[in-house]
Amino acid sequence: QVQLVESGGGLVQPGGSLRLSCAASGFTTNSYAIGWFRQAPGKEREGVSCITSSAFNTYYVDSVKGRFTISRDNAKNTVYLQMNSLKPEDTAVYYCARLKFQYSSTCHLGRYGYDYWGQGTQVTVSS
């Protein structure tokens, strides 16, 4: 049974940091690309970052480049999103998802092709 579980969200002041985790079960994360998405109240869900199965390629939405870093620990079957220099506009529910194309050498930040999603973790950036 494929499952993704996010954790690590919380309340942080502007300029602070958080590290989100996406723990996978039912498949091995080094076989699939994983994406991070977020949804703020009243807004569409947007892609934030993704990492290919090999971890050779990573992608970021422009608004987080230089501040967020995606990585994976294959031994723990977990993908991380390190978020630094957080801003109030980063406030959202963050989700991880699996891209269904096994061993894909690329990934993307649209929702097409992501077949399994976690339940989300809330990130609130506020003073």
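Keep in mind the model is a prediction, meaning the values are calculated, not measured.
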Let me confirm one number: the OG-CD distance from Ser17 to Gln82, rounded to the nearest 0.5 Å. 5.5 Å
Determine, using the 4.5 Å side-chain heavy-atom cutoff (strictly less than), whether Ile34 and Tyr95 are members of one ILVMFWY cluster. no
Side chains of Ser54 and Ser105 in contact at under 4.5 Å (non-hydrogen atoms): no
Test item: Thr91 side-chain N/O and Pro88 main-chain N/O as donor-acceptor pair under 3.5 Å: yes
Check the orientation of Tyr114 and Phe37. Use parallel for under 30°, tilted for 30 to 60°, and perpendicular for over 60°. perpendicular
Apply side-chain contact (heavy atoms from CB on, under 4.5 Å) to residues Ile51 and Val79 and explain how you reach the verdict. CA-CA 9 Å; Ile51 185 168; Val79 174; 4.1 Å; yes
Residue pair Leu109 / Cys50, side-chain heavy-atom distance below 4.5 Å: yes
So, does Gln1 use its side chain to make a donor-acceptor pair with the main chain of Gly26 at under 3.5 Å? no
Do Val123 and Leu18 have side chains that get closer than 4.5 Å, going by heavy atoms? yes
Would you check if Phe68 and Asn84 make a side-chain contact, meaning some heavy-atom pair closer than 4.5 Å? no
Is it the case that over 12 heavy atoms from other parts of the model lie below 6.0 angstrom from the CD atom of Glu44? no
Rounded at 0.5 Å granularity, tell me how far CD in Gln102 sits from CZ in Phe27. 10.5 Å
Any salt bridge linking Lys87 with Asp90? Criterion: basic side-chain nitrogen under 4.0 Å from a carboxylate oxygen. no
Nearest-0.5 Å distance, OG of residue Ser85 to CZ of residue Arg67: 7.0 Å
Do Tyr94 and Arg38 pair up side chain to side chain, a donor and an acceptor below 3.5 Å, judged on atom types alone? yes
Nearest heavy-atom approach of Pro14 to Ser127 is CD-N, 3.7 Å
Close side-chain approach of Tyr112 to Leu99, heavy-atom, < 4.5 Å: no
For the rings on Tyr103 and Tyr32, is their centre-to-centre separation under 6.0 Å? no
Could you walk me through whether Cys22 and Leu4 pass the side-chain contact (heavy atoms from CB on, under 4.5 Å) test, one step at a time? CA-CA 6 Å; Cys22 172; Leu4 296 166; 3.8 Å; yes
Side-chain contact test, heavy atoms from C-beta onward, threshold under 4.5 Å: evaluate it for Tyr80 versus Ile70 and give yes or no. no
Flag this pair as yes if the NZ/CZ of Arg98 is under 6.0 angstrom from the six-membered ring centre of Trp117 and inside a 45 degree cone about the axis; otherwise no. no
Go through the steps to decide whether Val125 and Gln13 satisfy the test side-chain contact (heavy atoms from CB on, under 4.5 Å), and finish with yes or no. CA-CA 5 Å; Val125 185; Gln13 292 187 339; over 6 Å; no
Looking only at side chains, do Asp73 and Thr78 share a donor and an acceptor under 3.5 Å apart? no
Interatomic spacing from CG in Asn57 to OG in Ser104 - rounded to 0.5 Å: 9.0 Å
With no hydrogens and no angle check, is any side-chain donor or acceptor of Ser21 less than 3.5 Å from a backbone partner on Ala23? no
Interatomic spacing from OG1 in Thr28 to CG in Asn77 - rounded to 0.5 Å: 6.5 Å
One pair to check against side-chain contact (heavy atoms from CB on, under 4.5 Å): Thr58 and Thr52. What are the steps and the verdict? CA-CA 7 Å; Thr58 58; Thr52 56; over 6 Å; no
Student check: side-chain heavy atoms of Thr121 and Val93 closer than 4.5 Å: no
Cut-off 3.5 Å, side chains only: do Tyr59 and Thr106 have a donor facing an acceptor? yes
Polar side-chain atom of Glu6 near backbone of Gln119 as donor-acceptor pair, under 3.5 Å: yes
